Amino acid sequence: GEEVAQTPKHLVRGEGQKAKLYCAPIKGHSYVFWYQQVLKNEFKFLISFQNENVFDETGMPKERFSAKCLPNSPCSLEIQATKLEDSAVYFCASSQSPGNYEQYFGPGTRLTVT
Amino acid sequence: AQTVTQSQPEMSVQEAETVTLSCTYDTSENNYYLFWYKQPPSRQMILVIRQEAYKQQNATENRFSVNFQKAAKSFSLKISDSQLGDTAMYFCAFIYDKVIFGPGTSLSVIP
């Protein structure tokens with residue numbers, strides 16, 4: 001498609017539950033990025049993919065966070081055993097290249113952990 | 001490691017006036033890209049303007065222009081003829097192999 005699609009728009013989970021977020025990049029874009037935006041607005045880079053391969057995972061909290069981009073499927077970001085501090089808006093972005101092209105952002109998924 | 005600083009957490013401007021948002025960054029790289037993104041209350045991230053580091057000419061996009069000073073590692077955004085729809089968070093972003101965002105500046109346009 002012509003836009004990055006993210007589902008669901010809103011997700012509410014009790015502390016300790018699992019959360020799974022999905023992202024469909026723009027057709028033809030090889031790179032997918034996940035960002036976490038907490039309430040004070042700061043963006044934190046989590047992970048990026050080149051097609052189905054992890055490109056950069058330096059921002060990923062390894063303990064409870066995992067992500068995948070499988071062929072012919074939306075990319076996913078999964079949080080096991082959610083904590084209150086995981087409450088944030090999670091953005092997915094896609095681009096043709098990691099460095100020199102605009103990243104197109106999806107509308108975000110708002111995760112609320114109660 | 002690259003860092004991006006926006007020293008103005010909040011700014012306001014009267015409608016139709018001009019406002020400048022500041023951004024500085026730190027990097028040892030030579031070829032990189034800089035962007036300004038706008039995030040209105042809807043939370044959608046919208047690209048405002050792009051600057052390639054190898055280009056000396058400052059980028060311009062309608063009412064938006066930048067003052068790019070590579071040696072000083074400065075990348076400010078000027079908004080001319082401010083409109084109510086310009087009210088939003090503005091993020092400066094440095095891109096080399098991933099995006100590093102600044103902390104954002106909240107801009108309010110006052111009627």
Side-chain angles (χ1 to χ4, degrees), chain A residues 2-6 8-11 21 23 25-26 29-50 53-60 67 87-112, chain B residues 1-11 21 23 25 27-55 59 61 64 66 68 87-108:
Chain A
E2 293 298 317
E3 294 181 342
V4 177
Q6 287 189 250
K9 280 189 178 180
H10 303 281
L11 189 58
L21 292 60
C23 167
I26 291 173
H29 283 188
S30 305
Y31 290 85
V32 171
F33 305 80
W34 284 99
Y35 298 92
Q36 178 193 56
Q37 187 181 33
V38 294
L39 287 179
K40 60 178 181 176
N41 292 317
E42 288 196 22
F43 277 87
K44 178 185 175 185
F45 166 78
L46 296 175
I47 190 169
S48 60
F49 287 85
Q50 180 184 12
N53 303 308
V54 174
F55 184 74
D56 183 343
E57 56 181 351
T58 52
M60 210 52 171
S87 293
V89 179
Y90 291 83
F91 285 95
C92 171
S94 72
S95 80
Q96 299 174 13
S97 158
N100 59 359
Y101 279 85
E102 175 189 354
Q103 294 193 7
Y104 292 81
F105 282 78
T109 292
R110 181 181 291 279
L111 172 65
T112 302
Chain B
Q2 293 92 355
T3 58
V4 178
T5 302
Q6 293 177 249
S7 59
Q8 306 147 314
E10 294 181 1
M11 293 192 74
L21 281 58
C23 171
Y25 59 94
T27 184
S28 57
E29 303 295 340
N30 192 45
N31 292 320
Y32 49 86
Y33 290 74
L34 294 161
F35 292 72
W36 278 97
Y37 279 92
K38 169 184 176 181
Q39 188 180 43
S42 67
R43 289 272 190 173
Q44 180 67 45
M45 291 291 282
I46 302 164
L47 177 68
V48 174
I49 200 164
R50 162 199 297 124
Q51 175 78 43
E52 294 91 334
Y54 63 86
K55 287 188 178 178
E61 195 72 40
F64 299 89
V66 298
F68 174 50
T87 293
M89 284 290 294
Y90 286 82
F91 291 94
C92 177
F94 169 97
I95 300 179
Y96 182 65
D97 53 1
K98 62 177 176 278
V99 183
I100 307 295
F101 286 96
T105 295
S106 177
L107 177 68
S108 298

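Here is the naming used below: chain letters follow the sequence lines, and residue numbers restart at 1 for every chain. Here the structure is a predicted model, which is why all the values come from computation and not from measurement.
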Could you go step by step and tell me if Val99(B) and Tyr35(A) meet the side chain to side chain contact (heavy atoms under 4.5 Å, CB included) rule? CA-CA 10 Å; Val99(B) 183; Tyr35(A) 298 92; 3.2 Å; yes
For the student: nearest non-hydrogen atoms of Pro107(A) and Gln44(B), plus distance: CA-OE1, 3.5 Å
Rounding to 0.5 Å, atoms CZ (Arg43(B)) and OG1 (Thr109(A)) come to a distance of 12.5 Å
Report the distance from atom CD of Gln103(A) to atom OH of Tyr37(B), rounding to the nearest 0.5 Å. 5.5 Å
Inter-residue atom distance Gln37(A).CD - Gln39(B).CD, 0.5 Å rounding: 4.0 Å
Pick one of side chain, backbone, both or neither for Tyr31(A), based on which atoms fall under 4.5 Å of a heavy atom in chain B. neither
Going from CG on Leu47(B) to OH on Tyr104(A), what distance comes out if it is rounded to the nearest 0.5 angstrom? 8.0 Å
